[in-house]
Amino acid sequence: MPELPEVETVRRGLALYVTGKRIKRLEILHPRATRSGSTISLKSVEGARITDVARRGKFLWFVLDRELALVGHLGMSGQMLIVPKNSELERHTRIRIDFGDKKLELRFIDQRTFGWMSAEPLRKQDEKYLPECCAHIAPDIFSEEFDKARVIGEIKRRKIEIKKALLNQEIMSGVGNIYADEALWYAKVHPERLSSSLSESELAEILRAVKKVMKSALKQGGTSFDDLYINVNGESGYFEVSLRAYGREDEPCRRCGALIRRINFANRSSHFCPVCQRARKSRKPAKKRG
DNA sequence: CATCGACCCTGCGGGC
DNA sequence: TGCCCGCAGGGTCGAT
């Protein structure tokens, strides 16, 4: 369930260890660990030196000293761990990367195999180089290229539920099911409100909430580092104590005390306060008929 | 083109 | 105790 804050936490942890190192050997332990549709063999990154670790939304990649990037997506359950080479192989280890280090190696572990790694050519986009598989992903709210007015326009011109718009990585990236629920709770907007019906100020408020929620998660996620053993666990970044909506079905809203509701939404669920987050902005008393 | 919904996958927990 | 089913969900792709 890693969303932007978790992926950024992983990126920072990885950068501490891998920057400057050379990929000596990459071993693929599961056929689904590589991105289907990728044309370049993952093994072709062997021999490359890593100059940086970059991220856009939930995608992260090793910047290499060649016209290629090693991209990773954690999917639902992916983890990237820097662990002792002689430690027992976790059951769901999909990829191992040897940097020629005597003691440590990188392991990509992914129980549900929605995650992957891929060697991707670079494509120039707005004076920046992006891996091909990330070219369609919009900038995230912390990126320099983030354009608030454009995002608000993109949301307003669509006729979809606001939560769907928040989850659409081509409008704005990095937001997943958990932080979408949280942000909508803070902004007091019902997840099923039609995107085109929202005012500019409501959308600006939602974006503020998205930033606030992810910023505070990032702050907490960034504290668990250790120079010797970097546990960059994609799932460790959630702090259930601070969640206001997600996973709180039938628990009291921390603002008004009403019970949080859960509804089905596109193969998953939405959590919201039925009182703070009205489906319509104003509620007129129901007219009696007949 | 825009939007929707099925699908990929595994582990876990509830119901019986 | 053990089986079955639903649920968790990011991204992609085919259908409408």
Side-chain angles (χ1 to χ4, degrees), chain A residues 1-11 28-39 55-61 71-80 89-95 108-118 120 130-141 151 153-184 191-197 210 214 217 233-238 240 243 245-250 260-271:
Chain A
M1 295 176 263
E3 302 180 29
L4 187 151
E6 291 72 34
V7 178
E8 173 62 13
T9 300
V10 170
R11 188 200 67 77
I28 303 163
L29 305 175
H30 191 285
R32 281 180 51 89
T34 60
R35 188 176 77 85
S36 66
S38 172
T39 49
R55 179 188 59 75
R56 172 172 280 216
K58 304 169 195 170
F59 292 73
L60 62 84
W61 63 92
V71 185
H73 196 291
L74 301 175
M76 284 287 304
S77 51
Q79 292 170 254
M80 291 200 189
L89 218 56
E90 204 271 350
R91 185 178 165 195
H92 303 292
T93 306
R94 308 303 187 196
I95 290 169
F108 174 55
I109 299 165
D110 186 17
Q111 173 194 113
R112 276 174 266 187
T113 67
F114 281 12
W116 45 263
M117 292 189 90
S118 172
E120 296 280 327
L130 286 177
E132 246 173 28
C133 65
C134 307
H136 66 296
I137 300 297
D140 60 67
I141 202 160
V151 170
E154 284 275 300
I155 297 175
K156 273 189 81 72
R157 79 177 173 83
R158 291 172 203 243
K159 285 191 169 64
I160 51 178
E161 293 159 347
I162 180 59
K163 185 168 169 187
K164 271 191 186 151
L166 293 182
L167 294 179
N168 185 333
Q169 307 296 303
E170 297 182 23
I171 299 176
M172 168 180 70
S173 65
V175 179
N177 200 42
I178 295 175
Y179 295 123
D181 280 1
E182 292 301 292
L184 289 170
E192 292 177 320
R193 284 282 303 279
L194 196 63
S195 58
S196 57
S197 79
V210 166
M214 297 207 296
N233 182 339
E235 288 185 300
S236 67
Y238 289 110
E240 292 185 27
L243 293 177
Y246 182 83
R248 299 197 64 244
E249 183 182 18
D250 291 335
I260 297 290
R261 281 193 58 197
R262 185 176 77 87
I263 56 174
N264 289 331
F265 163 86
N267 263 349
R268 55 199 77 170
S269 50
S270 286
H271 309 75

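Atom set for the values below is all heavy atoms of this structure, side chains included, hydrogens, waters and symmetry mates excluded. Chain naming here is simple, since letters A, B, ... match the order of the sequence lines and numbering starts at 1 in each. Predicted model only: the values in this text are computed from it and were never measured.
Residue A:Ser269 places at least one side-chain N or O under 4.0 Å from the OP1 or OP2 atom of C:dG9. A close approach under 4.0 Å does not occur between any side-chain nitrogen or oxygen of A:His92 and OP1 or OP2 of B:dC9.
In the displayed structure, A:Arg261 atom CZ is contacted under 6.0 Å by at most 12 heavy atoms of other residues, nucleotides or ligands.
DNA chain B is contacted by both A:Phe114 and A:Glu161; A:Glu161 maps to the nucleotide lying nearer its 5′ end (nearest heavy atom per residue).
Between B:dA2, C:dA8, B:dG11, one nucleotide has an atom nearer to the side chain of A:Met76 than all others, and that is C:dA8. Of the listed nucleotides (B:dA2, B:dC4, B:dT10), B:dA2 has the atom at the smallest distance from the side chain of A:Arg157. Closest to the side chain of A:Arg112, from the set B:dC8, B:dC4, C:dG9, is C:dG9.
Per the geometry, CG belonging to A:Asn264 stands 11 Å off C1' belonging to C:dG6, to the nearest Å. Look at CD on A:Gln111: it is 15 Å from P on C:dG10, rounded to the nearest Å. As a whole-Å value, the separation of A:Glu154 CD from B:dT3 P is 10 Å. With rounding to whole Å, A:Lys163 atom NZ is found 16 Å from B:dC4 atom C1'. A straight line from CD1 of A:Ile162 to C1' of B:dT3 spans 15 Å, rounded to a whole angstrom. Whole-Å rounding puts the A:Lys164 NZ to B:dA2 C1' distance at 12 Å. Taking atom CD1 of residue A:Ile160 and atom P of nucleotide B:dG5, one finds them 13 Å apart after rounding to whole Å. The nearest whole Å value for the distance from the NZ atom in A:Lys159 to the P atom in B:dC1 is 18 Å.
The minimum heavy-atom distance linking A:Leu130 with A:Ala135 is given by the pair CD1-CA, 4.3 Å.
Each of A:Arg11, A:Arg55, A:Lys58 was scored for a salt bridge (charged side-chain N to carboxylate O under 4.0 Å, His left out) with A:Asp140, with one residue passing: A:Arg55.
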With B for base contact, S for sugar-phosphate-only contact and - for none (protein heavy atoms under 4.0 Å), nucleotides 11-16 of chain C reads SS----
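Using a 4.0 Å cut-off between charged side-chain N and carboxylate O, A:Lys163 and A:Asp181 make a salt bridge. The existence of a salt bridge linking A:Arg32 and A:Asp110 is excluded, since no basic side-chain nitrogen approaches an acidic carboxylate oxygen closer than 4.0 Å.
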Side chain to side chain contact (heavy atoms under 4.5 Å, CB included), that's the test. Do A:Arg35 and A:Val71 meet it? Break it down for me. CA-CA 9 Å; A:Arg35 188 176 77 85; A:Val71 185; over 6 Å; no
Trace of the side chain to side chain contact (heavy atoms under 4.5 Å, CB included) decision for A:Trp61 with A:Glu120: CA-CA 9 Å; A:Trp61 63 92; A:Glu120 296 280 327; over 6 Å; no
